[in-house]
**Student:** 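Dropping a structure here in structure tokens format, bear with me for questions.
Please read all numbers here as calculations on a predicted model, not as lab measurements. Lettering follows sequence order; numbering is per chain, from 1. Side-chain atoms are counted along with the backbone in the values below, which use heavy atoms only and exclude waters and symmetry mates.
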Number of protein chains: 2
Amino acid sequence: MTAVLVIEDDDRIRLALLLALEEEGYSAYGAATAEEGLRRQRESPADNVLVDLMLPGLDGFECIRQLRRDDDVPIVVVSARDDTHDIVAALEAGADDYVVKPVAIKELSARLRALRRRGRVVVDAVPAQVFGDLEISAEAGEVRRAGRPVAVTRTEFRLLCELAEHAGRVLSRQQLLRRVWGYETGDERLVDVHVGRLRQKIEPDPANPRHLVTLRGLGYKLQR
Amino acid sequence: MTAVLVIEDDDRIRLALLLALEEEGYSAYGAATAEEGLRRQRESPADNVLVDLMLPGLDGFECIRQLRRDDDVPIVVVSARDDTHDIVAALEAGADDYVVKPVAIKELSARLRALRRRGRVVVDAVPAQVFGDLEISAEAGEVRRAGRPVAVTRTEFRLLCELAEHAGRVLSRQQLLRRVWGYETGDERLVDVHVGRLRQKIEPDPANPRHLVTLRGLGYKLQR
DNA sequence: GGTTCCATGACAGTTGTGTGACAAACGGCG
DNA sequence: CGCCGTTTGTCACACAACTGTCATGGAACC
């Protein structure tokens, strides 16, 4: 379950938020001060943090900076102030979103979901992706199975990279045609053929693929 | 330089946004319709997309879905409407943020920066619907029971998704025929058969279904 | 007890996928 | 430039999986 930490000094608002979040299916808990919030997040990190800007003691901006210092957790500011300066300052401090009170819980929930969809901060250069005994190194342009390099052609490599980049998700033949070949339209069987060839090279038992699987009627996906 | 595509039909607003974005150091260009925006994004992808909801022809929601289908570009909705339903629907469709017009350019710019900070979608984090021990992941094209993947066919999957989308509510056979099969009319027994097959796969005891239940004379529903 | 409604197994027709063969296009290289 | 090995895309066929129809028997309702 997704855990949410609410840092808000007003008891009524904090409790209302917690209840509403629980209602939405989150596991929610609160902190009345920035210090307490930071401590709780250090001890048991939540998946999302909601933070008010006007807090006694350490203020919201400083709280965001400190949270951000050792954590990529999505931070949403929930504040009564809708001043552009505050919004910009909060986002610059490291917040990911800013909503103005009073806030509809459905909206908040949707924003949290949207944030979680965007993952953590990623370093640009993905050195290598690993799928079980399969390694794909985009930089080296090389594929290995069980440590041994496997010779794949350019098209096969691009196809594999595309699937790897969206690992775990189905990609339709149309999408693959567009993204690997740049075709807006074309014969979808082309994808089948290359998937087949790729399987011959990267799957121990090509007839029973473990990584590059078919989803009948949908497309293909690469799984770990 | 960071490129921003602005999809907005109102010429004055679009130009104002473009100018303001240029001022902020972006390379900005526009499209007056969803179709044009989609085409431009396909041909030369921008780093961010701003999109209005009320567009002639293809509307903003559909535009977002299509953008999202083959691109992880951060999408920000810029709309005059501040209705919670619109906000939730846009975020669900795949938007990453939603701001209400008139918008301060400094805020918009800060939000764009915040979004770019969060990298690409982490492919593993697939949003899945959960019903007790049952998980439905549209992106992975897969259904799991108690963590184990269950092989369901395309029709079964669509049927399950339809039921999940209206979880807790009864759907008549007619409604299911229309929504899953696209039949305006047809043999209602067809639904029975597929529900039966689905039960074999997703219910621990298919004869005593816990999730996919029959409401005699009414239809079927999926409950938690 | 009669009637309606639903579950299920069997079956034939259809659709989707894997694969081998082949020719065209490509890319080094002498 | 002309040669040859490699890669790429097309096609056809075989096979497996899926779909929709039907018939039967059982459960729920009145």
Side-chain angles (χ1 to χ4, degrees), chain A residues 141 143 150-163 170-222, chain B residues 141-143 149-163 170-222:
Chain A
V143 179
V150 178
V152 295
T153 69
R154 200 159 45 102
T155 319
E156 287 158 7
F157 189 71
R158 287 229 295 269
L159 174 60
L160 186 57
C161 285
E162 200 55 47
L163 287 161
V170 205
L171 292 175
S172 70
R173 292 176 173 74
Q174 276 302 330
Q175 289 176 311
L176 289 170
L177 272 180
R178 206 175 20 238
R179 303 166 85 126
V180 176
W181 283 268
Y183 296 173
E184 268 315 304
T185 173
D187 187 1
E188 302 193 340
R189 310 309 315 278
L190 176 57
V191 181
D192 298 20
V193 175
H194 279 89
V195 165
R197 288 174 180 157
L198 200 45
R199 279 188 182 139
Q200 297 296 329
K201 299 182 177 177
I202 65 171
E203 291 280 358
D205 176 11
N208 295 77
R210 290 172 47 236
H211 292 122
L212 212 177
V213 297
T214 305
L215 289 148
R216 201 184 161 88
L218 297 174
Y220 298 97
K221 81 173 171 185
L222 192 67
Chain B
E142 129 188 306
V143 179
V150 178
V152 298
T153 70
R154 193 160 46 126
T155 316
E156 287 158 8
F157 191 72
R158 286 223 293 264
L159 175 60
L160 186 56
C161 286
E162 199 55 48
L163 287 161
V170 203
L171 290 174
S172 70
R173 291 176 174 73
Q174 277 303 329
Q175 288 177 305
L176 289 169
L177 272 180
R178 205 176 20 241
R179 290 160 172 267
V180 176
W181 282 269
Y183 296 174
E184 271 313 307
T185 172
D187 186 1
E188 300 193 340
R189 308 279 106 238
L190 176 58
V191 181
D192 298 18
V193 174
H194 282 277
V195 166
R197 287 175 181 156
L198 199 44
R199 279 185 181 142
Q200 297 295 329
K201 297 180 178 177
I202 65 171
E203 291 282 358
D205 176 11
N208 295 79
R210 290 172 47 234
H211 295 302
L212 212 177
V213 297
T214 306
L215 289 148
R216 197 182 165 84
L218 298 174
Y220 299 97
K221 80 170 174 185
L222 192 67

**Student:** Please report the distance, rounded to the nearest Å, between CG in A/Leu176 and P in D/dG9.
**Tutor:** 13 Å
**Student:** Is A/Asp192 paired with A/Arg173 through a side-chain N to carboxylate O contact shorter than 4.0 Å?
**Tutor:**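 Yes, A/Arg173 and A/Asp192 are salt-bridged.
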**Student:** Answer yes or no: does a side-chain N or O of A/Thr153 lie under 4.0 Å from OP1 or OP2 of D/dT8?
**Tutor:**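 True: A/Thr153 side-chain N/O within range (under 4.0 Å) of D/dT8 OP1/OP2.
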**Student:** Tell me whether A/Arg199 contacts the main-chain N or O of A/Ala207 through its side chain, where contact means a donor paired with an acceptor under 3.5 Å.
**Tutor:**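 The answer is no, because no donor-acceptor pair under 3.5 Å joins these two groups.
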**Student:** Are the side chain of B/His194 and the backbone N or O of B/Leu190 linked by a donor-acceptor pair below 3.5 Å?
**Tutor:**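 Not confirmed, B/His194 side chain does not pair with B/Leu190 backbone.
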**Student:** Between B/Leu218 (CG) and C/dT4 (P), how many Å, whole number?
**Tutor:** 18 Å
**Student:** Tell me what A/Gly196 touches on the nucleic acid: a base, only sugar-phosphate, or nothing, going by heavy atoms under 4.0 Å.
**Tutor:** nothing
**Student:** Ignoring backbone atoms, establish whether A/Trp181 has a side-chain N or O less than 4.0 Å from OP1 or OP2 of D/dT8.
**Tutor:** no
**Student:** Quick one: is C/dG18 close enough that its OP1 or OP2 comes under 4.0 Å of any side-chain N or O from A/Thr214?
**Tutor:**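 True: A/Thr214 side-chain N/O within range (under 4.0 Å) of C/dG18 OP1/OP2.
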**Student:** Taking CD from B/Glu188 and P from C/dT4, how many angstroms apart are they, rounded to a whole number?
**Tutor:**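 Result: 15 Å.
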**Student:** Give B/Tyr183 one of three labels, base, sugar-phosphate or nothing, depending on what nucleic acid heavy atoms sit under 4.0 Å from its own.
**Tutor:** sugar-phosphate
**Student:** Once you round it to whole Å, what is the distance between C1' of D/dA28 and CZ of B/Arg216?
**Tutor:** 4 Å
**Student:** Distance-only, no hydrogens or angles: does the B/Gln200 side chain make a donor-acceptor pair with backbone N or O of B/Arg197 under 3.5 Å?
**Tutor:**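 No, B/Gln200 side chain to B/Arg197 backbone: no donor-acceptor pair under 3.5 Å.
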**Student:** Taking 4.0 angstrom as the limit, do A/Glu203 and A/Arg210 come out as a salt bridge?
**Tutor:**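 A salt bridge is absent here (no side-chain N lies under 4.0 Å from a carboxylate O).
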**Student:** NA contact type, A/Arg189, heavy-atom cut-off 4.0 Å: base, sugar-phosphate, or nothing?
**Tutor:**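 Result for A/Arg189 = base.
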**Student:** Please report the distance, rounded to the nearest Å, between CG in A/Leu215 and P in C/dT15.
**Tutor:** 21 Å
**Student:** Please confirm whether the shortest side-chain N or O distance from B/Tyr220 to OP1 or OP2 of C/dA7 is below 4.0 Å.
**Tutor:**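 B/Tyr220 to C/dA7 OP1/OP2: side-chain N or O found under 4.0 Å.
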**Student:** Please work out if B/Val195 contacts a base, only the sugar-phosphate, or nothing of the nucleic acid, heavy-atom cut-off 4.0 Å.
**Tutor:**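 Nothing, no nucleic acid heavy atom in range.
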**Student:** Could you state the CD-P distance from B/Glu156 to D/dT19, rounded to the nearest angstrom?
**Tutor:**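 My rounded result for the distance is 6 Å.
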**Student:** Output the single nucleotide from D/dT19, C/dT19, D/dA27 whose closest atom is nearest the side chain of B/Thr155.
**Tutor:**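 Selected nucleotide (nearest to the side chain): D/dT19.
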**Student:** Using a 3.5 Å distance criterion without hydrogens, assess whether the side chain of A/Glu162 forms a donor-acceptor pair with backbone atoms of A/Leu159.
**Tutor:** no
**Student:** How many whole angstroms separate atom CG of A/Leu212 from atom P of C/dG18?
**Tutor:** 10 Å
**Student:** Counting only side-chain heavy atoms from C-beta out, which of C/dC6, D/dT19, D/dT8 sits nearest to B/Asp192?
**Tutor:**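 Nearest listed nucleotide: C/dC6.
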**Student:** Under 4.0 Å between any heavy atoms, over every strand shown, what does B/Arg197 touch: base, sugar-phosphate, or nothing? Just pick one.
**Tutor:**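 Contact class for B/Arg197: base.
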**Student:** Taking CG from B/Leu190 and C1' from C/dC6, how many angstroms apart are they, rounded to a whole number?
**Tutor:**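 My rounded result for the distance is 14 Å.
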**Student:** Within less than 4.0 Å of OP1 or OP2 of C/dT17, is there a side-chain N or O belonging to A/Arg173?
**Tutor:** yes
**Student:** Give the nucleotide from the list D/dA28, C/dT19, D/dT8 with an atom nearest to the side chain of A/Val193.
**Tutor:**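 Nearest to the side-chain atoms of A/Val193, counting from C-beta on, is C/dT19.
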